Structures are given as C-alpha cells and as structure tokens.
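In what follows, a single structure is set out as structure tokens and then discussed.
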Amino acid sequence: MDWFNSNFYKDWGYGLVYPQLFPHHKRPDEKAHAGTISWAQERCKTWLQVLNDHWLAGGKKYICGDQITIADYLGSAIMSIGELIHCDLKDYPNVQRWIDTVKKQPNYEKVNEVFNGFRASTQGKPWATV
C-alpha cells in the first residue's frame with residue numbers, strides 16, 4: 001500500500017492528473033506547468049512498468065495474490081484518477097487486467113457512480129496522458 005501512496009501517487013496524481021484538472025494545481029506559468037506534466041508523464045510510465053512487471057507479474061489476480069485486499073482498494077482508487085484524463089493502459093496489460101478485475105467487485109459501479117459522472121464530463125478534452 002505504501003508503494004502506491006509514497007511513490008506512484010505523487011507523480012500520477014500531483015504531477016500528471018491534478019495540474020490538468022484543477023486550477024489550484026496549475027503551475028504559475030505555462031513553461032513550468034508543461035514541464036511538470038511532461039516530467040510526470042515519464043515518471044508515471046516508469047511506475048506503471050514496475051506495477052505491471054513486478055507487483056502484478058506472474059498472473060496474480062490482485063496485488064497480494066489471488067484474494068482482494070485493502071491494497072487493491074487503495075491502489076485501484078489511486079489508479080482510477082487517471083480515468084479522469086482518459087489514460088490508456090494498453091501498454092501495461094497486467095495493470096489493465098487488475099483494474100478490470102477490481103471493477104467486477106460487487107457494488108463497484110454504485111460506489112463509483114459520482115466518479116463515473118465526473119469522468120464522463122472530461123471526455124473529449126485534450127489531455128496529456130500515458
């Protein structure tokens with residue numbers, strides 16, 4: 001769980017997603033803003049590769065094995081913010097498989113109803129993504 005919170009989330013959330021979505025996360029000038037996002041894109045690719053090739057390697061269904069744990073709930077919640085800017089995880093098949101598996105949990109759609117509406121509202125806008 002700490003890997004998501006202390007490594008991945010810093011670049012994914014605060015570097016890539018939030019500066020594009022929320023005005024209060026925008027950097028003071030366009031050059032700094034673009035640099036922050038570009039730097040975060042590259043860092044996120046590294047983190048996603050680690051998640052894909054280490055944490056979810058070997059056909060594990062979930063982060064810690066074949067049973068869902070709190071690590072999956074925390075990690076998938078952090079991962080889901082990438083959906084707000086419509087990130088494509090095709091280059092990370094284990095990550096995509098894991099997210100799809102978590103989304104099959106009972107009540108996932110109900111719990112994420114408002115989030116899904118937010119995601120729909122960002123469709124079709126130009127985002128810098130992975």
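These numbers were taken from a predicted model, which means no experiment stands behind them.
A distance of 6.5 Å separates OH of Tyr9 from CD1 of Ile78, quoted to the nearest 0.5 Å. In this structure, Ile85 CD1 and Thr122 OG1 are separated by 9.0 Å, a value rounded to the nearest 0.5 Å. If you take NZ on Lys60 and CZ on Arg97, they are separated by 9.5 Å, rounding to the nearest 0.5 Å. Note that CD1 of Ile81 and CZ of Phe118 are 10.0 Å apart. Values are rounded to the nearest 0.5 Å. For the atom pair CD1 (Ile99) and OH (Tyr92), the distance works out to 14.0 Å, reported to the nearest 0.5 Å. To the nearest 0.5 Å, the span separating CD on Gln105 from CD1 on Ile68 amounts to 3.5 Å.
Across all their heavy atoms, Cys44 and Val130 have their closest contact at CB-CG1, 4.0 Å. The minimum heavy-atom distance linking Gln96 with Leu89 is given by the pair OE1-CB, 3.3 Å. Here the shortest heavy-atom pairing between Leu51 and Phe4 reads CD1-CZ, 3.8 Å.
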Exercise. Show the numbers, then the answer: is there a side-chain contact (heavy atoms from CB on, under 4.5 Å) between Leu48 and Trp12?
Key: CA-CA 10 Å; Leu48 286 167; Trp12 185 249; 3.9 Å; yes
Quiz item: Would Ile63 and Met1 satisfy side-chain contact (heavy atoms from CB on, under 4.5 Å), going step by step from the backbone distance to the final call?
Solution: CA-CA 9 Å; Ile63 296 293; Met1 285 183 4; over 6 Å; no
Exercise. Walk me through it: do Tyr62 and Thr69 pass the test side-chain contact (heavy atoms from CB on, under 4.5 Å)?
Key: CA-CA 8 Å; Tyr62 298 104; Thr69 68; 6.0 Å; no
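Contact check on Lys31 versus Asp29 returns no salt bridge, with no Lys/Arg side-chain nitrogen under 4.0 Å from an Asp/Glu carboxylate oxygen.
Cluster membership for Val111 and Leu74, using ILVMFWY side-chain heavy atoms within less than 4.5 angstrom, is not shared. Both Tyr108 and Ile70 are assigned to one and the same hydrophobic cluster, defined by single-linkage of ILVMFWY side chains at heavy-atom distances under 4.5 Å.
In this structure a side-chain-to-backbone donor-acceptor pair under 3.5 Å is missing from Arg27 to Ile37. For the pair Asn52 (side chain) and Asn94 (backbone), a donor-acceptor distance under 3.5 Å is present. Judged by distance alone, with hydrogens and angles left aside, the side-chain atoms of Trp98 form no donor-acceptor pair with the main-chain N or O of Asp72 at under 3.5 Å. For the pair Thr36 (side chain) and Gly15 (backbone), a donor-acceptor distance under 3.5 Å is absent. Between the side chain of Lys10 and the backbone N or O of Asn5, no donor-acceptor pair lies under 3.5 Å. Of the possible polar contacts, none joining the Ser38 side chain to the Ala34 backbone as a donor-acceptor pair under 3.5 Å is found.
Between the side chains of Asn7 and Trp47, no donor-acceptor pair is found at a separation under 3.5 Å. With no hydrogens or angles considered, no side-chain donor-acceptor pair links His86 and Thr129 at under 3.5 Å.
Relative orientation of the Phe22 and His25 rings is tilted, given thresholds of 30° and 60° on the angle between their planes.
Residue pairs meeting the salt bridge (Lys or Arg N to Asp or Glu O under 4.0 Å) criterion with at least one partner in residues 118-130, sequence neighbours excluded, are Glu83-Arg119.
Asn112 is linked by a side-chain hydrogen bond (donor to acceptor under 3.5 Å, both in side chains) to nothing, counting only residues two or more places apart in sequence or in another chain.
For the pair Trp127/Val17, no side-chain contact is recorded, criterion being any heavy-atom separation below 4.5 Å from C-beta on. Side-chain contact between Phe8 and Met79: present, with at least one pair of heavy atoms (C-beta onward) separated by less than 4.5 Å.
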